[in-house]
Amino acid sequence: MCGIIGYVGKSDRALNIVIDGLKALEYRGYDSAGIAFIKNNKTQIIKEKGKIKNLENKINFNLKTNLGIGHTRWATHGEPNLKNSHPHKVGKITLVHNGIIENYEELKEILKNYNYKFISDTDTEVACALIDKLYQEKNDLVKVLSKVSNLIKGSYAFGIICDDELDTIYATRKDSPLIVAIDDQDYYIASDIPAILKYTNKYMLLDDYDIVKMSHNNITIYNNKLEIEKKKNYTFSGNIEAAEKNGYEHFMLKEINEQSTVIKETMFPYLDDGINGLIDKMPDFSKYNEFDIVSCGSAYHTGLVAKTLIENYTNIPVNVEIASEYRYKKLFFNKKKLIILVSQSGETADTLASLRIAKEHNMDTLAIVNVVGSSIAREANEVLYIKAGCEIAVATTKAYLAQIAMFALIALKIGISRQTIDENELNEITQDIRRLPLLIDEILKNDYKNLAKKIFKQNDIFFIGRGIDYAVAMEGSLKLKEISYIHSEAYAAGELKHGTISLIKDKTPVIAIVTDMNIAPKTISNIREVKARGANVILLTTIKLDDNYDFINYKIVVPSIHPIIQSILTVIPLQLLAYEVAKLRNCDIDKPRNLAKSVTVE
Ligand code: M6R
């Protein structure tokens with residue numbers, strides 16, 4: 001989604017600072033970019049369609065200026081063209097915005113009565129006019145911004161320059177992320193940490209309705225018109241390399257290769273002090289007899305894996321829900337149910353809204369989140385952080401893996417407490433967890449280029465599996481389609497013949513996943529069915545294949561490990577295969593078209 005950066009301070013290289021920030025926010029997804037800065041005591045705006053490079057070509061970087069705001073736009077209202085790009089300027093107000101103003105049409109009609117004319121199709125221009133109108137009445141932007149929050153429905157993070165205060169940036173937020181950073185007398189606002197990392201790793205998180213006023217040598221943060229004395233300071237513990245490619249061609253490949261470390265950092269601290277350590281470090285789940293896991297995209301797929309783990313190892317029933325559905329459906333709450341929200345970014349609008357609904361009903365909530373201090377992490381009753389580190393590629397890999405790891409630990413903790421996992425099995429599992437990083441690195445040594453070459457020109461690729469393998473198939477299919485743009489579907493292997501098998505024709509690739517030995521023979525029968533219709537079958541399995549499997553066109557064997565953590569290994573070849581296929585198709589792997597890393601609008 002849109003990215004915001006703003007700088008005011010000692011340096012007269014604000015243009016470079018803002019462009020650096022925008023580049024670091026590219027991963028969020030965008031289709032145009034723009035900046036506003038001060039030149040000859042006036043606000044200047046430059047914007048351009050497409051990549052930041054196009055914008056850079058229009059900027060004279062010799063110009064010295066101490067203040068600038070910048071924006072990458074991911075189109076919501078109106079096409080991705082020049083007139084809809086940010087910053088927008090109405091009257092004295094120049095505005096960049098991330099979020100969606102839901103009542104903008106209504107506000108637009110009101111503002112037209114005050115002779116405001118609109119040139120773009122955006123909700124942002126309406127917000128800009130509204131701020132300008134109120135500013136004419138009140139002449140004080142702090143008061144204006146606190147009033148705006150009562151008039152606007154929807155979500156926003158705003159960065160603002162006012163023509164009457166050209167040495168000052170104002171900012172505020174509601175339901176869209178925004179951080180503030182202070183380094184000596186340099187002040188920044190940004191949608192996310194990578195945008196400021198080149199300059200500082202110290203930052204503060206803004207709460208909803210906070211208003212920031214920052215000028216050359218001063219910053220004040222208000223809430224409810226009152227000055228906030230202190231805000232908690234955070235230090236980003238990774239270094240700038242965490243937000244750089246480190247020699248890898250793409251962030252996605254770098255992040256796939258970080259997965260053994262991610263597993264060590266996410267899982268090992270819970271095992272260091274034996275069973276008691278695991279029990280103490282995990283929340284107490286003893287009062288719950290049902291879970292709702294609520295999330296979106298890959299985090300929803302994590303939930304599907306988690307359902308199998310928790311149900312099989314603890315006997316607690318689990319409902320897995322897509323957050324955008326959950327927030328509008330009839331919900332059945334009871335005090336013995338725990339609502340678990342899963343999100344890498346911790347800012348996904350639908351997941352956040354679901355969390356708030358659960359809290360309105362006084363339900364206990366647990367967040368499984370990667371980004372420290374994100375909205376979901378802050379608002380849930382309890383949070384378990386996965387330790388995936390900074391994930392830049394839009395397609396998640398290491399965060400998905402770490403989420404599964406966290407659910408395996410949760411299943412383990414509950415299984416021990418409920419005695420559904422005995423000591424022998426626990427020992428076997430902990431030994432296998434310790435082997436995971438090595439096994440992951442072994443899988444990462446494999447080359448999937450040849451297989452990718454066989455399938456990258458196909459129009460449709462199917463994934464099948466049963467049980468937990470079906471959940472992994474869904475993630476494999478999403479990974480492939482989101483970065484390679486090949487149409488792909490994942491099917492429960494037994495369901496294929498109820499319709500979709502009619503799409504299988506000569507050479508259609510079908511990637512079948514078979515790691516669950518209890519139902520392997522059933523999936524094998526389904527594989528034979530698609531084979532009989534001409535499919536090109538790629539089997540991803542833990543089974544050592546013998547001659548009986550001569551109907552398989554291509555096989556990928558992953559090491560067999562305890563089922564509670566098997567999916568952690570199974571998914572890796574699918575991530576790498578998707579990557580290689582997308583590369584052969586010359587796709588923009590880290591920033592696939594139309595997608596955003598953090599989906600902060602509904
Ligand atoms: O930040 P979140 O985990 O809440 O994001 C959820 C989805 O938007 C995300 O997993 C998305 O599906 C990824 N692009 C998948 O690779």
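Ligands are counted one by one from 1 in listed order, and the atoms in each one are counted from 1 as well.
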Is [Y] paired with [X] through a side-chain N to carboxylate O contact shorter than 4.0 Å?
X	Y	result
Arg173	Asp210	no
Glu489	Lys481	no
Glu442	Lys445	yes
Glu255	Lys398	no
Lys231	Asp207	yes

Below 4.0 angstrom from a heavy atom of [X], which ligand 1 atoms are there? Numbered from 1 as shown, please.
X	value
Lys479	15 (C), 16 (O)
Glu482	13 (C), 14 (N), 15 (C), 16 (O)
Ala395	16 (O)
Ser343	1 (O), 2 (P), 3 (O), 4 (O)
Ala299	3 (O), 10 (O)

Out of curiosity, is [X] lining ligand 1, as in a heavy atom under 4.0 Å away?
X	result
His301	no
Ser598	no
Leu595	no

Could you check [atom] against the protein and tell me its nearest heavy-atom contact, residue, atom and distance included?
atom	result
atom 1 (O) of ligand 1	Ser345 OG, 2.6 Å
atom 8 (O) of ligand 1	Val599 CG2, 3.9 Å
atom 7 (C) of ligand 1	Cys296 O, 3.6 Å
atom 3 (O) of ligand 1	Gln344 N, 2.7 Å
atom 15 (C) of ligand 1	Ser298 OG, 3.0 Å

**Prompt:** Within 45° of the six-membered ring axis of Tyr30 and under 6.0 Å from that ring's centre, is NZ or CZ of Lys51 located there?
**Reply:**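 Flagged: Lys51 positioned over aromatic ring of Tyr30.
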**Asked** So between Val342, Val394, Thr348, whose heavy atom ends up nearest atom 4 (O) of ligand 1?
**Response** Thr348
**Message:** Let's go through Phe333 and His361 carefully: what are the C-alpha distance in whole Å and the side-chain angles of both, what is the deciding distance for ring pair (Phe, Tyr, Trp, His ring centres under 6.0 Å) to 0.1 Å, and is it a yes or a no?
**Reply:** CA-CA 8 Å; Phe333 288 136; His361 288 81; 4.9 Å; yes
**Message:** Looking only at distances, can you tell me whether any N or O atom of Thr396, backbone or side chain, sits closer than 3.5 Å to an N or O atom of ligand 1?
**Reply:**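 Right, the criterion is met.
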**Message:** Do Thr348 and Ser343 have side chains that approach each other closer than 4.5 Å (heavy atoms only, starting at C-beta)?
**Reply:** yes
**Prompt:** Side-chain contact, heavy-atom cut-off 4.5 Å: Ile464 with Ile513?
**Reply:** no
**Prompt:** Hey, are Asn370 and Glu391 close enough side-chain-wise for a donor-acceptor pair under 3.5 Å?
**Reply:**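 No donor-acceptor contact under 3.5 Å links the two side chains.
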